[in-house]
Every structure is written in C-alpha cells, then in structure tokens.
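Structure, as structure tokens:
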Amino acid sequence: MDHLSTTFQALADPTRRAILARLSNGAATVNELAAPFSMSLPAISKHLKVLERAQLISRGKEAQWRPCELKAAPLKEANAWTEQYRQFWEARFDRLDAYLQELQSNEKVVAPPKRKTNARNKK
C-alpha cells in the first residue's frame with residue numbers, strides 16, 4: 001500500500017484521530033492516551049500500532065515509559081493532496097456565488113413594483 005493510502009487508512013478511525021489531536025499538544029504515555037476512552041490498553045495499543053505503521057507517531061523509550069509523539073510529515077502530505085480539491089471546490093463556489101448575484105440582479109430589474117396597501121384596501 002502506498003504511503004498516502006496508509007495515512008488515510010489510519011485517519012479513518014475517530015479514536016486514532018482523537019489520539020492524534022491529543023498528541024498535537026505534546027508527547028503522552030499510553031496510559032495518558034487511553035484515559036479518555038472506555039477501551040482496554042491492548043485496544044489502544046492496536047490503534048497506536050496503526051498510527052506508528054502510518055508514521056504518524058513515534059514511540060520513544062524512557063526507562064519503563066514509551067511516550068508517543070506526533071509526526072506531522074504524513075499529515076502534510078495528506079493535506080497537500082486534499083489542497084488541490086479545496087481549490088477546485090472554492091472555484092466552484094466562486095462561480096456559484098457569481099451566478100447567484102447575477103440572478104439577484106436580474107430579479108431586481110424584472111420584478112414588478114410592489115403595490116402599496118392602505119387601510120381602505122384591507123378588509
């Protein structure tokens with residue numbers, strides 16, 4: 001599997017995205033990463049292995065601790081890939097906005113004048 005596919009596969013899971021969000025604030029131990037989730041440490045470890053395989057995190061070795069750290073390079077690559085589509089959609093939205101403004105301008109020109117109502121016409 002290519003590197004970009006591995007990155008997107010790792011990002012597909014909400015638990016792994018939450019782990020990455022936590023690691024964006026700094027390194028954390030497995031126990032710290034597991035704390036907000038109602039799952040076992042082995043389950044968290046499996047998520048960490050997927051993130052590590054995708055090179056989105058690294059695990060250090062400090063005595064008995066293995067702190068995890070975010071590695072942003074694969075995210076930068078994924079962002080670069082999606083950026084081309086953001087530009088595509090922005091261009092589409094710009095054209096849609098111009099079209100809607102044109103419709104509104106034409107509506108103002110074509111719209112008949114509003115009739116004034118007074119108290120005698122209301123019954």
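One is the number of the first residue; the rest follow in order along the sequence.
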message: Please report the interatomic distance CG(Leu100) to OG(Ser105), rounded to the nearest 0.5 Å.
response: 11.0 Å
field: Separation of Tyr85 OH from Arg92 CZ (nearest 0.5 Å)
entry: 12.5 Å
query: Are Val30 and Ile57 connected in a single hydrophobic cluster, I mean Ile/Leu/Val/Met/Phe/Trp/Tyr linked by side-chain heavy atoms less than 4.5 Å apart?
result: yes
query: Would Met39 end up clustered with Leu51 when hydrophobic side chains under 4.5 Å apart are linked, directly or stepwise?
result: yes
message: Using every non-hydrogen atom in the two residues, find where Thr7 and Pro74 come nearest and quote the distance to one decimal.
response: OG1-CB, 3.6 Å
message: Determine whether Leu23 and Leu56 satisfy the following criterion, side chain to side chain contact (heavy atoms under 4.5 Å, CB included), listing intermediate values before the conclusion.
response: CA-CA 10 Å; Leu23 290 175; Leu56 289 163; over 6 Å; no
query: With the 4.5 Å side-chain cut-off for hydrophobic clustering, are Leu11 and Phe37 part of the same group?
result: yes
field: Atom pair CH2/OG1 of Trp89 and Thr82 - distance to nearest 0.5 Å
entry: 14.5 Å
message: Keeping Gln87 on the side-chain end and Gln84 on the backbone end, is there a donor-acceptor pair under 3.5 Å?
response: no
query: What distance separates His3 NE2 from Gln55 CD, expressed to the nearest 0.5 Å?
result: 4.0 Å
query: In terms of hydrophobic clustering (I, L, V, M, F, W, Y; side-chain heavy atoms under 4.5 Å; direct or indirect links), are Tyr99 and Phe93 co-clustered?
result: no
query: Between Ala12 and Arg17, which heavy-atom pair has the shortest distance, and what is it?
result: O-NH1, 3.1 Å
field: Close side-chain approach of Glu52 and Lys71, heavy atoms under 4.5 Å
entry: no
task: State, to 0.1 Å, how close Arg53 and Thr6 come at their nearest heavy-atom pair, and which atoms those are.
output: O-CG2, 4.2 Å
message: Whether Arg86 and Glu83 form a salt bridge (side-chain N of Lys/Arg under 4.0 Å from carboxylate O of Asp/Glu) is what I want to check.
response: yes
message: Ignoring hydrogens, what is the shortest heavy-atom contact between Leu20 and Leu70? Give both atom names and the distance.
response: CD2-CD1, 3.5 Å
- request: Would you give the length of the straight line joining atom CD of Gln101 to atom CD of Gln104, rounded to the nearest 0.5 angstrom?
  value: 7.0 Å
query: With a cut-off of 6.0 Å (strictly less than), are more than 12 heavy atoms of other residues, nucleotides or ligands near CZ of Phe88?
result: yes
- prompt: Atom CD of Gln9 and atom CZ of Arg16: how far apart are they, to the nearest 0.5 Å?
  reply: 7.0 Å
message: Ignoring hydrogens, what is the shortest heavy-atom contact between Ala27 and Arg22? Give both atom names and the distance.
response: O-NH2, 3.7 Å
task: Quick one: do Ile19 and Thr15 satisfy side chain to side chain contact (heavy atoms under 4.5 Å, CB included)? Show the steps, please.
output: CA-CA 6 Å; Ile19 290 170; Thr15 301; 4.2 Å; yes
